[in-house]
Amino acid sequence: MGQDEARGIRDTDLEKIRARYGLLAVVGSNIAITAVAIFGVWQLNGDRAVIVGVLTSAFTAMAGLTTAYLGIKAVSNTAQSMSKEAGRQQDVDRQQQQDAGTKSGTGQQ
C-alpha cells in the first residue's frame, strides 16, 4: 500500500467520523429544542397564542440548524470531490509531460 493510498484511507475515515459527530450534534440539538418546547407548552396551561409562538420558534430553530448542517456538508463534499479530481488531472498532465519528454529525449517523434 502506497503512502497516497494510506492517506486516502485516513481521509475517508476522518470524513466518516466528522459526518457521524456532526449529525449527532444536529440530532442532539433538535432533541434538546424539542424537549424545551414540550416543557414550555406544558407550562403554559393552554394559552394558545403563546403556544403557537413557542412551537413556531422551535420549528424554525430546528429547521435552520438542520438546513445549515446539510448545506455545509454538501459544500464540503463538493469541494472535496473537486480537489480530488484536480489532483488526478494534475497527475495525468504530469505523466503526459514525462512521456513527451522521454520520447523527445530518445529521438522519436
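Only heavy atoms go into these numbers, but all of them, side chains included; no hydrogens, no water, no symmetry mates.
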Task: Approximate separation, where rounding is to 0.5 Å, of Arg94 CZ and Asp99 CG - done: 13.0 Å
Task: From OG1 (Thr34) to CZ (Phe39), nearest 0.5 Å - done: 15.0 Å
Task: Between CG on residue Leu55 and OG1 on residue Thr60, distance to nearest 0.5 Å - done: 10.5 Å
- [ ] Show which residues join Leu24 in its hydrophobic cluster (side-chain heavy-atom contacts under 4.5 Å, direct or indirect), or state none.
- [x] Ile17, Tyr21
TODO: Drop me the distance from Asp13's CG to Glu15's CD, to the nearest 0.5 angstrom.
DONE: 10.5 Å
Open item on the list: So, taking the atom named CG in Asn30 and the one named OG1 in Thr66, what distance separates them when rounded to the nearest 0.5 Å?
Closed with: 4.0 Å
TODO: Scan residues 35-53 for pairs that pass side chain to side chain donor-acceptor pair (under 3.5 Å), counting only residues two or more places apart or in two chains.
DONE: none
Open item on the list: Tell me if a side-chain donor or acceptor on Thr56 pairs with a main-chain N or O of Val52 at a distance below 3.5 Å.
Closed with: yes
Open item on the list: Apply the hydrophobic cluster definition, ILVMFWY joined by side-chain contacts under 4.5 Å directly or through others, and give me every member besides Ile31.
Closed with: Leu23, Val26, Val27, Tyr69, Leu70
Task: ILVMFWY network linking Leu65 to Met62, side-chain heavy atoms under 4.5 angstrom - done: no
Task: Flag side-chain contact, heavy atom, 4.5 Å: Asp93 against Gln96 - done: yes
- [ ] Compare every heavy atom of Ala58 with every heavy atom of Ile33, then report the nearest pair and how far apart it is.
- [x] CG2-O, 3.7 Å
